[in-house]
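One structure is given here, and the rest of the page talks about it.
Residue numbers start from 1 in every chain, and the chains themselves are labelled A, B, ... in the order their sequence lines are given, proteins ahead of strands.
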Amino acid sequence: KQEVTQIPAALSVPEGENLVLNCSFTDSAIYNLQWFRQDPGKGLTSLLLIQSSQREQTSGRLNASLDKSSGRSTLYIAASQPGDSATYLCAVLGGSSNTGKLIFGQGTTLQVKP
Amino acid sequence: KAGVTQTPRYLIKTRGQQVTLSCSPISGHRSVSWYQQTPGQGLQFLFEYFSETQRNKGNFPGRFSGRQFSNSRSEMNVSTLELGDSALYLCASRKDRGQSYEQYFGPGTRLTVT
């Protein structure tokens, strides 16, 4: 049974810091991994998607890496800003494309202080 | 291009009642998945519909049901509401064509059961 874990559960940093959020999963047979952002009481915004055959993806100040063999992904946020404050969730899609079932971690709540 | 829309955005119901939530996917997307988000359990997969058929199902009681229409719009129904059904209900759509299978989420429906 696939389990996804995110560490830390919460993180508070001063503005301008570079930071890394961690995600681990127990079954390496994944199709892809997505990172999402969620603002309080809102839906999820997709940030980055990494296919199982890829090692990393970049979008602006965000960089996500994937090491499928060790069951790990990281989300790197460069030069953090107060507007980055949100909960970040990672989710894996099982080994087949014939499913929409994402398994989510519990999330990391990030606070960036001005 | 319009995103995933969900109606209503907020609902207050009484124990024992039933409720129907609606989700309109992004145009051209054929897969719709539903998730329940609570502070204690996080995001949990309810079910997925593809081409009007339930393709995957999570571990929820039979009180939770859904359907998909020919235009890919989906509804989920919860009968005999319990206090524990209070949650943010999110739907997600994906194209189900191509390679990425990226999922896009709606803003959610906040259900409060009193």
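Sparse packing is recorded around NZ of A:Lys42, with 12 or fewer heavy atoms of other residues, nucleotides or ligands lying under 6.0 Å away. Residue B:Arg15 places its CZ atom among 12 or fewer non-hydrogen atoms of other residues, nucleotides or ligands, all under 6.0 Å distant. Annotation for B:Asn59: atom CG does not count as buried by contact number, only 12 or fewer foreign heavy atoms lying within 6.0 Å. For B:Arg9, the CZ atom is densely surrounded, since the number of other residues' heavy atoms within 6.0 Å is greater than 12. Residue A:Arg72 qualifies as open at atom CZ: its count of foreign heavy atoms under 6.0 Å is 12 or below.
Of all heavy-atom pairs spanning A:Ser46 and B:Gln103, the tightest one is CB-O, 4.1 Å.
Residues of residues 31-46 of chain B that come within less than 4.5 angstrom of chain A, heavy atom to heavy atom, are B:Ser33, B:Tyr35, B:Gln37, B:Gln41, B:Gly42, B:Leu43, B:Phe45 in numerical order. Within residues 76-84 of chain B, no residue approaches chain A closer than 4.5 Å by heavy atoms.
Both A:Leu75 and A:Val112 belong to a single network of hydrophobic side chains, linked directly or stepwise wherever heavy atoms of I, L, V, M, F, W or Y lie under 4.5 Å apart. A single hydrophobic cluster is not seen to contain both B:Phe105 and B:Tyr89; linkage of ILVMFWY side chains at heavy-atom distances under 4.5 Å, directly or through other members, places them apart. Hydrophobic clustering (ILVMFWY, side-chain heavy atoms < 4.5 Å, transitive): A:Val13 and A:Leu62 are in one cluster. Hydrophobic clustering (side-chain heavy atoms under 4.5 Å, transitive across Ile, Leu, Val, Met, Phe, Trp, Tyr) keeps A:Tyr76 apart from A:Leu21. Tracing side-chain contacts under 4.5 Å through hydrophobic residues (I, L, V, M, F, W, Y), one never reaches B:Leu11 starting from B:Leu90; they form parts of separate clusters.
Interatomic distance, A:Lys101 NZ to B:Phe47 CZ, rounded to the nearest 0.5 Å: 13.0 Å. We find the CZ-CG distance between B:Arg94 and A:Leu93 to be 5.5 Å, quoted to the nearest 0.5 Å. Atoms CG and OH, on A:Leu49 and B:Tyr101 in that order, are 12.0 Å from each other to the nearest 0.5 Å.
Scanning for side chain to side chain contact (heavy atoms under 4.5 Å, CB included) contacts around A:Pro14 gives A:Glu17, with sequence neighbours left out.
Sorted by first and then second residue, the pairs that involve residues 22-72 of chain A and meet disulfide (SG to SG under 2.5 Å), not counting sequence neighbours, are A:Cys23-A:Cys90.
For A:Ile50, no part lies under 4.5 angstrom from a heavy atom of chain B.
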